[in-house]
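Hydrogens, waters and symmetry mates play no part in the numbers below; they use all other heavy atoms, side chains included.
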Amino acid sequence: MLRILTLCLLCNQLSFAQSAAGAGRVVVDSLYSEALENAYGESPTRAVSVYLPPTYDADDTRYPVIYYLHGFLNDHTLTPQMIDVLDYAIASGKIPPFILVVADNRTAIDGSFYSNSEHFGNWETFMAEDLVRYTDTHYRTLARRDSRGVTGHSMGGYGALKLAMRYPQTFSSVYALSPGALTVVGEYGPNGPTYQELAGIETMEDLMQSYFPKVIVAFGRAWSPNPDKPPFYADVPFTYRNDSLVVHPEVLEKWYAEMPVHMIPDHLTQLQSLRGIALDWGRNAGDRFVRQCEMFSQRLENVGIEHQAEEYIGTHTSGIFTREGRVPTDMLPFFAHRLSFE
């Protein structure tokens, strides 16, 4: 019995040692960006989480970098579950060791939409230029385009597609997990209840208790800010006068200029230069996600842009950062085949 107990203890110790040896570590850093300076209270100093693979401290190897863009309501935080999935993907051989970087893009309105806003900060510039430069300077990266990928979920999926389309000289490949804000459909459209609900909201306090109206104001602050329109300081494409819908086509055009479905014609060369493009979405994610993802994929297909697109059985948030989820089974293997690891 004593021999069995001793053997069990040794096995447990060995298992613990193997687990510890296979664990990456996360550095929580921060970065001040002049591009984010603004007069509306958004901090230009942003927290940044950097996942370093288990082998990072063993030698002087340089690693490719995957930039992960978080969703609306989220921030730079890498949860224990997310870290476990990254460790698991490397340990199981789904992808060689890599660095992953997440920067805080949560704003007073809960999301920047990774866009350059005339009054609320240039978040696109921060992500594609300042953050990449800082990462390459402070960590052992393979500091070249072919070793950089960009990905993200929901708002982050939108941002990943837009950054890849606008900065193909910086990012070589993109994988969008259930991206949102690709076009104006469903709850973002004029015939849904969102704009009527927004018309009845007069204070920031009440706005922050809503969801879809808050998203619409976040769009407006990102794509059509207006310093003469307190308290939200944004124009939106649809408003209500009494009970009548009023359309503002000049605002809608500003929004289209920042929405990937409508950006395709002006970014064909950039899209053609990418080493890989992929997106996925859950069948039960909600009408707006399914429709806009299908539209984006169809328009890419119509202009001959090779890409991967997959609808899977799931919701907008189910099965993403789990060991059986989209990150280790699809997204990370995608980058394993498209990024240069040497």
Side-chain angles (χ1 to χ4, degrees), residues 13-31 46-70 76-104 126-152 156 160 163-164 167-175 177 273-278 321 323 325-342:
Q13 289 172 355
L14 179 60
S15 175
F16 176 79
Q18 289 174 332
S19 175
R25 64 184 177 93
V26 174
V27 176
V28 180
D29 210 335
S30 66
L31 169 60
R46 310 308 298 185
V48 179
S49 290
V50 182
Y51 168 85
L52 301 174
T55 54
Y56 188 83
D57 297 315
D59 53 37
D60 295 329
T61 300
R62 292 187 172 273
Y63 298 90
V65 183
I66 298 173
Y67 289 85
Y68 178 80
L69 280 56
H70 66 75
H76 66 288
T77 303
L78 284 170
T79 66
Q81 181 178 2
M82 296 168 77
I83 297 167
D84 174 73
V85 167
L86 301 179
D87 288 343
Y88 166 73
I90 293 172
S92 59
K94 296 179 182 297
I95 186 172
F98 65 96
I99 294 171
L100 183 131
V101 176
V102 191
D104 180 14
F126 162 66
M127 292 295 297
E129 298 181 13
D130 297 347
L131 180 62
V132 171
R133 183 168 53 247
Y134 183 86
T135 302
D136 287 341
T137 301
H138 290 78
Y139 298 92
R140 291 201 318 277
T141 69
L142 290 166
R144 56 177 182 266
R145 169 197 189 260
D146 288 352
S147 296
R148 292 193 201 101
V150 61
T151 184
L163 289 185
Y167 294 87
Q169 74 279 12
T170 302
F171 306 103
S172 64
S173 49
V174 56
Y175 193 115
L177 296 150
S273 73
L274 294 171
R275 299 180 69 176
I277 303 168
F321 265 100
R323 288 194 174 194
R326 304 301 296 184
V327 169
T329 62
D330 293 87
M331 182 266 277
L332 291 176
F334 168 86
F335 285 119
H337 288 93
R338 283 154 182 89
L339 296 182
S340 172
F341 285 76
E342 297 180 349

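Annotation for D57 and R25: closest pair OD2-NE, 2.8 Å, computed over non-hydrogen atoms. When all heavy atoms are compared, the tightest approach of L177 to R326 is CD2-CB, 3.8 Å.
Between the side chain of R46 and the main chain of A103, no donor-acceptor pair closer than 3.5 Å is present.
Two residues are said to be in side-chain contact when any heavy atoms from C-beta on lie closer than 4.5 Å; K94 and Y88 meet this criterion. Contact of the Y68 side chain with the Y51 side chain is not registered, since no non-hydrogen atoms from C-beta on lie closer than 4.5 Å. Here the side chains of V48 and H76 are not in contact, with every heavy-atom distance at 4.5 Å or above. Between F98 and L86, some side-chain heavy-atom pair lies under the 4.5 Å cut-off. Contact check for S147 versus T141: no side-chain heavy atoms found under the 4.5 Å cut-off. Using a 4.5 Å cut-off on side-chain heavy atoms (C-beta onward), F321 and T79 make no contact. In this structure, I83 and V26 have side chains that are in contact, with non-hydrogen atoms separated by less than 4.5 Å. The side-chain heavy atoms of I66 and I99, taken from C-beta on, include no pair separated by under 4.5 Å.
For the side chain to side chain contact (heavy atoms under 4.5 Å, CB included) test, residues two or more places apart in sequence or in another chain that qualify with T61 are D59, Y63. For V132, the side chain to side chain contact (heavy atoms under 4.5 Å, CB included) partners at least two apart in sequence or on another chain are Y67, D136, R148, T170, F171. Qualifying side chain to side chain contact (heavy atoms under 4.5 Å, CB included) partners for A91, counting only residues two or more places apart in sequence or in other chains: none. Listed by chain and residue number, nothing satisfies the salt bridge (charged side-chain N to carboxylate O under 4.0 Å, His left out) test with D29 (two or more places apart in sequence, or in another chain). For S92, there are no side-chain hydrogen bond (donor to acceptor under 3.5 Å, both in side chains) partners, not counting sequence neighbours. Applying the salt bridge (charged side-chain N to carboxylate O under 4.0 Å, His left out) rule to R275 yields the partners D146; only residues at least two apart in sequence or on another chain are considered. Applying the salt bridge (charged side-chain N to carboxylate O under 4.0 Å, His left out) rule to D87 yields no partners; only residues at least two apart in sequence or on another chain are considered. Here R62 pairs with R140, L142 under the side chain to side chain contact (heavy atoms under 4.5 Å, CB included) rule; sequence neighbours left out. A search for ring-ring contact (aromatic ring centres under 6.0 Å, His included) contacts involving Y134 returns H138, not counting sequence neighbours.
Looking at L163, V150, V101 one by one, the single match for side-chain contact (heavy atoms from CB on, under 4.5 Å) with M127 turns out to be L163.
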Donor-acceptor pairs are to be reported for all side-chain atoms of residues 332-340 against protein atoms at under 3.5 Å, with residues two or more places apart or in another chain.
unit_1: H337; atom_1: ND1; unit_2: P333; atom_2: O; d: 2.9
unit_1: R338; atom_1: NH1; unit_2: F334; atom_2: O; d: 3.3
unit_1: R338; atom_1: NH2; unit_2: Q308; atom_2: OE1; d: 2.8
unit_1: S340; atom_1: OG; unit_2: R144; atom_2: NH2; d: 3.3
unit_1: S340; atom_1: OG; unit_2: E342; atom_2: O; d: 3.2

